[in-house]
Amino acid sequence: MTRRFILGLMLIILHTAVSTGDCAEIAHATTWYGVQWYYCQWTPEDPPIITNLTYTLDGDTIINDTYYRKLLLSFGKSTAKGYSGAIRQSNDGLQVYYVPSGLPEQGNPSEYLLYDFNVKSGDIVQAYYGFADLSCASVEGRSALVPYTVSDVQIIDGRRHVYVTNNFTGSVEWVEGIGTRHIIWPYGQNCVPTGYTHWHCTLCAADSKGDILYSFNTDYIGIQNNCPDWVPTKVENIPCNTPSATKFLRDGQLLINHDGNTYNAHGVLIRNLQ
């Protein structure tokens with residue numbers, strides 16, 4: 001009797017674990033390889049410039065007595081890394097939260113829901129609308145949280161894919177343990193309109209061992225994804241051999257050199273280099 005009871009209990013536990021997915025925990029990304037697709041409206045004669053970038057989860061930080069992972073950004077082969085915000089997951093891993101880099105790590109910065117994988121089709125989710133370097137909460141007349149309508153939920157290769165729509169961003173795909181087509185954000189650039197357009201687009205995501213977990217199709221920006229490398233497929237999207245604009249990080253701030261001038265990420269002239 002005792003053996004039958006124990007065997008029955010083990011079968012119930014095994015069935016519960018399999019049905020809830022606990023037996024096959026998915027690997028989570030800690031590195032995102034991507035590109036910055038940059039087009040300057042001040043110089044329409046110049047073709048877009050595509051630059052390699054890498055986002056990594058590197059180190060911990062405490063915000064409002066809560067532990068987060070730091071998200072750091074580097075360009076090309078540079079070893080300089082800039083702070084791009086902080087990320088944490090809920091205890092069950094089904095919700096992911098973000099503190100934008102435009103808010104100080106000290107004090108009382110706000111966190112915003114990035115994704116919710118515990119949803120079903122038809123649900124309305126109040127989630128973050130914004131990018132890394134600026135919280136949309138600072139834009140007059142716009143909230144950092146906007147309503148997303150869940151249009152579909154699928155499980156593909158063991159990962160939940162949640163498809164949501166919003167009037168600002170259109171259709172967005174949240175991939176469990178990975179992020180989005182724009183690294184982790186629904187939208188690939190600043191909330192504030194500027195004189196140029198730049199998009200941070202994901203090539204692929206890797207785990208802490210360096211294994212590639214997921215790759216995205218990048219044909220829509222005119223490049224072939226050979227993660228973590230890429231090649232141009234459209235002439236109009238090939239970067240110039242001697243580009244008129246170059247980007248670099250200084251003290252964690254993205255700056256842009258163009259025709260002897262230095263601009264910040266909002267297109268504001270910082271200083272003349274000549």
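Side-chain contact check for Leu203 versus Trp230: some heavy-atom pair is nearer than 4.5 Å. Between Ile183 and Leu53 the shortest side-chain heavy-atom distance falls below 4.5 Å. Looking only at side-chain heavy atoms (C-beta outward), His28 and Asp207 stay at 4.5 Å or farther from each other. When side chains are defined from C-beta on, Leu57 counts as touching Leu71, because their heavy atoms get closer than 4.5 Å. Taking the side chain as every heavy atom from C-beta outward, Arg181 and Val172 never approach each other to under 4.5 Å. Two residues are said to be in side-chain contact when any heavy atoms from C-beta on lie closer than 4.5 Å; Tyr163 and Val153 fail this criterion. For the pair Cys204 and Trp32, the minimum side-chain heavy-atom distance is 4.5 Å or more. For the pair Tyr97 and Gln89, the minimum side-chain heavy-atom distance is 4.5 Å or more.
Atom CD1 in Ile178 sits 14.0 Å away from atom CZ in Arg160 (nearest 0.5 Å). With values rounded to the nearest 0.5 angstrom, Glu111 atom CD is found 7.0 Å from Thr66 atom OG1. The structure places CG of Asn52 at 10.5 Å from CZ of Phe75, a figure rounded to the nearest 0.5 Å. Note that CD1 of Ile87 is 9.0 Å distant from CZ of Arg69, once rounded to the nearest 0.5 Å. In this structure, CG in Asp157 is found 11.5 Å from CD in Gln154, a value given to the nearest 0.5 Å. A distance of 5.5 Å separates OH in Tyr68 from CD1 in Ile63, rounded to the nearest 0.5 Å.
In this pair, Trp185 and Tyr55 present their aromatic rings perpendicular. The plane angle is above 60°, beyond the 30 to 60° band.
Counting all heavy atoms, side chain and backbone alike, Pro147 lies closest to Ile124 at CB-CG2, 3.9 Å. Minimum heavy-atom separation, Cys227 to Ile212: SG-CD1, 3.8 Å. The heavy-atom pair separating Gly177 from Arg159 by the smallest distance is CA-NH1, 3.8 Å. For Tyr98 against Ser84, the heavy-atom pair with the smallest separation is OH-O, 2.5 Å. Nearest heavy atoms, Thr61 versus Ala86: CG2-CB, 4.1 Å. Annotation for Lys120 and Asp123: closest pair N-OD2, 2.9 Å, computed over non-hydrogen atoms.
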(request) Walk me through it: do Thr149 and Asn166 pass the test side-chain contact (heavy atoms from CB on, under 4.5 Å)? (result) CA-CA 7 Å; Thr149 301; Asn166 175 270; over 6 Å; no
(message) Assess the residue pair Lys70 and Asp60 against the criterion (salt bridge (Lys or Arg N to Asp or Glu O under 4.0 Å)); give the C-alpha distance rounded to whole Å, side-chain angles, the decisive distance to 0.1 Å, and a yes or no.
(response) CA-CA 6 Å; Lys70 290 182 179 180; Asp60 299 327; over 6 Å; no
(message) Set out, in order, the CA-CA distance, both residues' side-chain angles and the distance that settles side-chain contact (heavy atoms from CB on, under 4.5 Å) for Ile223 and Val231, then state yes or no.
(response) CA-CA 6 Å; Ile223 68 174; Val231 294; over 6 Å; no
(request) Apply side chain to side chain donor-acceptor pair (under 3.5 Å) to Trp174 and Asp116, showing your working. (result) CA-CA 9 Å; Trp174 300 338; Asp116 188 346; over 6 Å; no
(message) I'd like to know whether Val162 forms a side-chain contact (heavy atoms from CB on, under 4.5 Å) with Glu173, so could you lay out the CA-CA distance, the side-chain angles of the two residues, the decisive distance to 0.1 Å, and finally the verdict.
(response) CA-CA 6 Å; Val162 176; Glu173 179 184 6; over 6 Å; no
(request) For side-chain contact (heavy atoms from CB on, under 4.5 Å), just list the numbers for Val175 and Tyr214, CA-CA rounded to whole Å, side-chain angles, deciding distance to a tenth of an Å, and then say yes or no. (result) CA-CA 9 Å; Val175 184; Tyr214 197 89; 4.2 Å; yes
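Val164 and Phe216 fall into different hydrophobic clusters, where Ile, Leu, Val, Met, Phe, Trp and Tyr residues are linked whenever their side-chain heavy atoms come under 4.5 Å apart, directly or through other members. Ile26 and Leu213 sit in two unconnected hydrophobic clusters of ILVMFWY residues. Membership requires side-chain heavy atoms under 4.5 Å apart, directly or through other members.
For His200 and Phe131, the gap between ring centers is short of 6.0 Å.
Partner of Thr218 under the side-chain contact (heavy atoms from CB on, under 4.5 Å) criterion, out of Val35, Asn225, Ile50: Asn225 alone.
At distances below 3.5 Å, at least one donor-acceptor pair connects side-chain atoms of Tyr148 with backbone N or O atoms of Tyr128. Looking only at distances, no side-chain donor or acceptor of Thr56 sits under 3.5 Å from a matching main-chain atom of Asp58. At least one donor-acceptor pair closer than 3.5 Å links the side chain of Ser121 to the backbone N or O of Ser151.
Residue Asp92 qualifies as enclosed at atom CG: its count of foreign heavy atoms under 6.0 Å is above 12.
Side-chain polar atoms of His161 and Glu176 form no donor-acceptor pair below 3.5 angstrom.
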